[in-house]
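In this chain, residues are counted from 1 in sequence order. Here the structure is a predicted model, which is why all the values come from computation and not from measurement.
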Amino acid sequence: MFGNLTGTVDAVSETKDKSALLEIKDLKKWFPIRRGLFSRTMDYVRALDGVSLYVHKGETLGLVGESGCGKTTLGRVLLGLEKADGGEIHFDCIPVHALTGRQMNPLRKRIQVIFQDPQSALNPRMTVMDIVTEGMARFKMISGDRRDHARRLMREVGLPEDAAFRFPHEFSGGQRQRICIARAISLRPDFIICDEAVSALDVSIQAQIINLLMSLQDRYGVSYLFISHDLSVVANIADRVAVMYLGRIVETGPTTDVIHQPLHPYTQALISAVPVPGGTISGRIILKGDPPSAASPPSGCPFHPRCHEVMPVCADIYPTSRRVGGRDVDCHLY
């Protein structure tokens with residue numbers, strides 16, 4: 001359907017990108033599987049199994065993949081909610097992977113998150129003013145009247161000023177997500193993780209939230225890691241796209257290139273499944289079987305049991321990441 005992309009193919013060197021705000025190298029997170037009377041560790045779920053990527057200042061990196069591939073786990077590790085089992089995380093040249101919980105505190109001001117479900121992410125017992133200024137009070141960023149800061153944040157996310165004095169249950173889903181965004185930007189962070197930030201919203205509201213995120217990025221120069229399973233949403237906001245499969249990044253590149261000419265067979269299958277409004281899907285690639293378990297991944301390339309381009313070498317050796325036409329792709333085809 002797609003064919004091989006012609007052009008120069010070079011091995012990717014794992015050198016540090018000095019211009020990157022965030023750089024992840026060979027990141028691992030394994031969850032133990034315990035059984036028996038004494039809860040002995042019998043195996044591990046390899047949620048992240050060697051993830052490497054970077055995000056530039058002021059850039060949006062879209063992270064896509066099937067449910068259960070490790071996208072949310074990556075976000076939790078970057079936030080410090082889960083401890084990495086291996087690899088390196090550098091944020092603005094700071095080795096985050098080597099920091100203790102107390103040493104992470106100053107970075108929490110610079111790294112924020114917008115969760116998928118705004119209703120469960122907001123404390124129903126707190127007013128919106130208390131919610132959006134709680135972090136500012138924690139980091140001693142409030143000067144003058146707290147209410148003035150809350151009103152300003154409401155204006156920035158497109159809500160009326162009096163919304164600051166109401167409770168979360170008085171708002172719609174889209175409005176609650178705007179409150180979550182106001183809380184995230186209140187500390188003027190450098191990096192925000194958007195974990196399925198629009199997937200629970202109607203399509204029209206999704207467009208409004210995406211436009212809000214893009215305008216805030218233009219205003220403050222914030223970087224986003226935009227986690228989503230919806231490629232049509234990612235295509236509208238991301239500068240680059242990273243495709244994850246079973247705890248690994250299999251393809252990374254500029255959004256337009258990845259969407260219109262995917263290289264990895266898994267990316268090709270994802271793109272072929274995107275519905276076209278008012279039309280029919282042509283060239284649909286149907287993957288064989290179900291995704292394998294992260295507790296017992298296949299040998300070699302983990303995608304080879306379902307791949308429509310599988311070769312004998314795929315079952316034995318994991319492919320080396322290669323540079324193909326300005327993209328990084330892990331596939332023996334290249």
Side-chain angles (χ1 to χ4, degrees), residues 2 5 7-27 48 50-66 69-72 74-75 77-78 88-92 111 113-114 189-199 210-211 213-218 220-245 247-271 274 321-331 334:
F2 293 90
L5 183 69
T8 304
V9 180
D10 300 308
V12 176
S13 60
E14 293 292 343
T15 56
K16 180 171 175 58
D17 188 342
K18 298 185 184 302
S19 65
L21 174 67
L22 172 73
E23 185 177 25
I24 304 168
K25 183 177 179 182
D26 199 27
L27 188 65
L48 301 177
V51 172
S52 298
L53 51 80
Y54 62 88
V55 182
H56 289 294
K57 294 181 180 180
E59 180 187 43
T60 299
L61 175 67
L63 182 63
V64 301
E66 293 173 297
C69 69
K71 304 187 299 295
T72 295
L74 176 60
V77 171
L78 295 179
E88 300 178 0
I89 305 172
H90 289 88
F91 182 80
D92 203 11
I111 304 175
V113 61
I114 302 170
D190 300 306
F191 183 67
I192 297 178
I193 299 171
C194 303
D195 186 7
E196 300 278 7
V198 298
S199 63
I210 289 173
N211 289 336
L213 290 172
M214 294 173 68
S215 67
L216 292 172
Q217 185 176 53
D218 292 338
Y220 298 117
V222 64
S223 301
Y224 294 130
L225 175 64
F226 194 88
I227 299 172
S228 179
H229 64 275
D230 191 336
L231 285 166
S232 60
V233 172
V234 171
N236 287 316
I237 190 172
D239 301 300
R240 291 186 302 115
V241 174
V243 182
M244 179 177 279
Y245 183 79
R248 293 175 180 262
I249 302 295
V250 298
E251 183 173 353
T252 310
T255 302
T256 301
D257 295 342
V258 173
I259 295 296
H260 293 289
Q261 197 171 17
L263 298 180
H264 197 281
Y266 176 62
T267 311
Q268 295 172 5
L270 286 181
I271 300 299
V274 176
S321 185
R322 309 289 289 185
R323 190 76 173 174
V324 184
R327 277 177 277 173
D328 299 332
V329 58
D330 292 12
C331 185
Y334 308 98

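Considering CG of L270 and CD of Q268, their distance stands at 10.5 Å, rounded to 0.5 Å. Atom NE2 in H56 sits 9.5 Å away from atom CD in E23 (nearest 0.5 Å). We find the CZ-OG1 distance between R240 and T256 to be 13.0 Å, quoted to the nearest 0.5 Å. Residue L53 holds its CG atom at 7.0 Å from CG of L22, rounded to the nearest 0.5 Å. Between the OG1 atom of T252 and the CG atom of D257 there is a distance of 12.5 Å, given to the nearest 0.5 Å. One distance of note links OH of Y334 with CZ of R323; it measures 14.5 Å at 0.5 Å rounding.
Under the 3.5 Å distance criterion, the side-chain polar atoms of K71 are matched with a main-chain donor or acceptor of G65. In this structure a side-chain-to-backbone donor-acceptor pair under 3.5 Å is missing from S321 to D328. In this structure, the side chain of T60 does not engage the main chain of D239 through any donor-acceptor pair within 3.5 Å. Judged by distance alone, with hydrogens and angles left aside, the side-chain atoms of E251 form no donor-acceptor pair with the main-chain N or O of R327 at under 3.5 Å.
Closest heavy-atom contact between G50 and D26: CA-OD1, 3.3 Å. Nearest approach of Y224 to F191, heavy atoms of both residues: C-CE1, 4.1 Å. Shortest non-hydrogen contact noted between V51 and G247 is CG2-O, 3.3 Å. Residue E59 comes nearest to Y54 through the heavy atom pair OE1-O, 4.4 Å, listed as atom of the first residue, atom of the second, then distance. Of all non-hydrogen atoms in G62 and V234, the two that sit nearest each other are CA-CG1, 4.0 Å. Taking both residues in full, the closest heavy atoms of G58 and S223 are given as N-OG, 2.8 Å, listed atom of the first, atom of the second, then distance.
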Next on the checklist: For R248 and D330: C-alpha separation, side-chain torsions, deciding distance, then whether side-chain contact (heavy atoms from CB on, under 4.5 Å) applies.
Outcome noted: CA-CA 9 Å; R248 293 175 180 262; D330 292 12; 5.7 Å; no
Next on the checklist: side-chain contact (heavy atoms from CB on, under 4.5 Å), that's the test. Do I24 and L78 meet it? Break it down for me.
Outcome noted: CA-CA 9 Å; I24 304 168; L78 295 179; 3.6 Å; yes
Item to check | side-chain contact (heavy atoms from CB on, under 4.5 Å) evaluation trace for L63 with I249 | outcome: CA-CA 9 Å; L63 182 63; I249 302 295; 3.8 Å; yes
Item to check | Evaluation steps, side-chain contact (heavy atoms from CB on, under 4.5 Å), between N236 and M214 | outcome: CA-CA 10 Å; N236 287 316; M214 294 173 68; 5.9 Å; no
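Partner of F226 under the side-chain contact (heavy atoms from CB on, under 4.5 Å) criterion, chosen from L213, L61, V241: L213.
Listed by first and then second residue, the side chain to side chain donor-acceptor pair (under 3.5 Å) pairs involving residues 189-199 are T72-D195, R110-D190, Q116-S199, E196-H229 (not counting sequence neighbours).
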